[in-house]
**Q** 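Take this structure first; my questions come after.
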Amino acid sequence: MKLAVQVNEGPYQHQASDSAYHFTKAALEKGHEVFRVFFYHDGVLNGTRLTTPPQDDRNIVNRWVELAEKYDLDLVLCVAAAQRRGLVDEGEAQRNGKDATNIAPKFRISGLGQLIEAAIQSDRLVVFGD
Amino acid sequence: MKLAVQVNEGPYQHQASDSAYHFTKAALEKGHEVFRVFFYHDGVLNGTRLTTPPQDDRNIVNRWVELAEKYDLDLVLCVAAAQRRGLVDEGEAQRNGKDATNIAPKFRISGLGQLIEAAIQSDRLVVFGD
Amino acid sequence: MSDVKKFMYLNRRAPYGTIYAWESLEVILIGAAFDQEVSLMCMDDGVYQLVKGSDTSQSDMKNFMPTYRTLGDYGVRHMYVDKASLEARGLTQDDLIEVAWEDFETEEEVDNIVEIVDADQVAKLMAESEVVFS
Amino acid sequence: MSDVKKFMYLNRRAPYGTIYAWESLEVILIGAAFDQEVSLMCMDDGVYQLVKGSDTSQSDMKNFMPTYRTLGDYGVRHMYVDKASLEARGLTQDDLIEVAWEDFETEEEVDNIVEIVDADQVAKLMAESEVVFS
Amino acid sequence: MADLHTVNKSPFEKNSLETAIRYSMAGSSILLLEDGVYGATKGTAMEGMVKDAMGDKKVYALRSDLMARAIKEDRVIDGVEIVDYAGFVDLVEANDKVQAWL
Amino acid sequence: MADLHTVNKSPFEKNSLETAIRYSMAGSSILLLEDGVYGATKGTAMEGMVKDAMGDKKVYALRSDLMARAIKEDRVIDGVEIVDYAGFVDLVEANDKVQAWL
């Protein structure tokens, strides 16, 4: 089965990102294909490399990065949502005159069309949010 | 009257930050003292300088900055909440080995004791959140 | 698999208190380019998204409500409103915007694609969809 | 104004689904250093914060529930639980943790400061507080 | 002793308004803001609850949030007082403390 | 045609479970996760609603979320099937689509 996963909430504040991660990992381990994980609304906050969670807690951002490295996952942050919330890669920094970036490796910023395309190309869209 | 204001949600996602801003501004314009605005939970996300909201929408971060400049407001982001969510100033970047900062001017990162102190020192604590 | 799917956008949130209504609307606008078969379902507090007369002049928030009126031009074919949700809120069709729709090829026109449906119809319409966006 | 205020921490959220329960607990822990008169009020889904037996071994989340048991050591004098909220959820005092409290100066001891209160008491206790944290 | 209780949730989505009414003392003030202002509307399933509360409590609603949500003044329950942010500040000052039912 | 409906909200906080039950077809599956698993508990004010739903729908609850919330198996309503994330994936595959009642 080919899956599209949508994540609507940021890490830690809501459990949605945890649920999406565990679901995605389980699907990959069962041999299913994950076409794309699309981060929308506050979900774009999963893609910052600047978090330092407590030592005795999970590192949500790194978990996504490691899963992406292992399975060559496509992790996409919605550009409009990212701009509102201050998620920035090199291209965005140049376009919008920002003096820093904060995006984590393996994440990329792109348009909402990536969500629509994922929904069309996949057998199932699974949404996690608040 | 001396006020402490607490903001629990990030900009745009929830209206809480808008309400807190308009309330704080109205209080200051009436001549009341705002001892401190404390940003907790996702509220710390109000303190990033990397946002680029749409041209036809309000700039929530800049609004806080301008209010702080005009009235010498104390805008404090909770350090524990900020670390989880990737809000970083120079000190935090050094301590946690981060290669960038994203904090906006006029905001500072400090401990939860600043909230307790504000509640003790102020006549009223007003909380905005989800 | 056909490249045209039945999309259902499920709206259950009030506008302004959170950004879900506005950012979900942005998905619909962008999605128009993909020529899918698109419906909107408003229930619970989502019915407030279609109430006319919003005025944000004293809120310093962007008034995105007029955009709903243009959804017919963005390929949305049906905008359904759950009857029970509407009634619990003391609202009627008169309180809601009207959205026109026209097929430029066949010249078929519909004056208003905003339609109130009962619980059985809601369940059936959602079940018939192929993708639900929440 | 006295430097000792009556603080009430109002908890209305379930643990884990959102971070409010955990981060609110952090406020109480830090607040202990300020020697205020501190009570906790759990109502609505907040009563779930005091249910014993949480096991996060399969969730990869930090289990912060044991921390509630230590609140007596952090200067919390009362942990109130709204009766109606508890009953609606099919819970009784037996399902809740016990939290001991001791005054090291007077050697006064209380075995369990977790107390079930009815609606009138809840309203009165909150009204008597000087600061409510939400 | 009188408190200001703030409610920012739609009463159809969450029980915050109901809880605020039940657990506040007679003489309290309740301010509806953000999505909470839907609770101030005439003709809804919640109207009775709000009217009952007004027997011994005062209910306010924030004007800018009513306007954004297209709730005209004639749709607001009689007796609910409409205030702006300056009025919100006055309510905070006039009461002993503020309790937010988030 | 059968769908999987996911509910991640406590039924005491939001009406998502009630709405999911009311607006899903007979033969649907409902998966409770996150705070939604509170809806799977015996002896609550919501138990009757869930049992009624099980007349023509299948209800599942996610094990790790039950455990985190201290809901032991003997407190789970009879007939509610407990699944892990692999089971969640299987449910997604077994149904035509997934509808999230956020």
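Everything numeric here is computed off the predicted structure, so don't read it as measured data. Throughout, a chain's letter reflects where its sequence line sits, starting with A, and its residues are numbered from 1.
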**Q** Can you check whether I109(A) reaches V76(A) side chain to side chain, under 4.5 Å on heavy atoms?
**A** no
**Q** To the nearest 0.5 Å, what is the distance between CG on L115(A) and OG on S110(A)?
**A** 11.0 Å
**Q** Measuring only between side-chain heavy atoms, which start at C-beta, is E92(A) closer than 4.5 Å to V79(A)?
**A** yes
**Q** Quick check against the 3.5 Å criterion: does S122(A) have a side-chain atom that pairs as donor or acceptor with the backbone of R124(A)?
**A** no
**Q** What is the distance from atom CG of D89(A) to atom NZ of K98(A), rounded to the nearest 0.5 Å?
**A** 13.5 Å
**Q** Under 3.5 Å, is there a donor-acceptor pair between the side chain of D123(A) and the main chain of M1(A)?
**A** no
**Q** Can you check whether chain D and chain A share any donor-acceptor pairs under 3.5 Å, and give the atom names and distances if they do?
**A**
{"residue": "Q13(A)", "atom": "O", "partner": "I19(D)", "partner atom": "N", "Å": "2.8"}
{"residue": "Q13(A)", "atom": "NE2", "partner": "Y20(D)", "partner atom": "OH", "Å": "2.9"}
{"residue": "Q15(A)", "atom": "N", "partner": "G17(D)", "partner atom": "O", "Å": "2.9"}
{"residue": "H22(A)", "atom": "NE2", "partner": "S59(D)", "partner atom": "O", "Å": "3.3"}
{"residue": "D56(A)", "atom": "OD2", "partner": "K62(D)", "partner atom": "NZ", "Å": "2.4"}
{"residue": "R63(A)", "atom": "NH1", "partner": "D60(D)", "partner atom": "OD2", "Å": "2.8"}

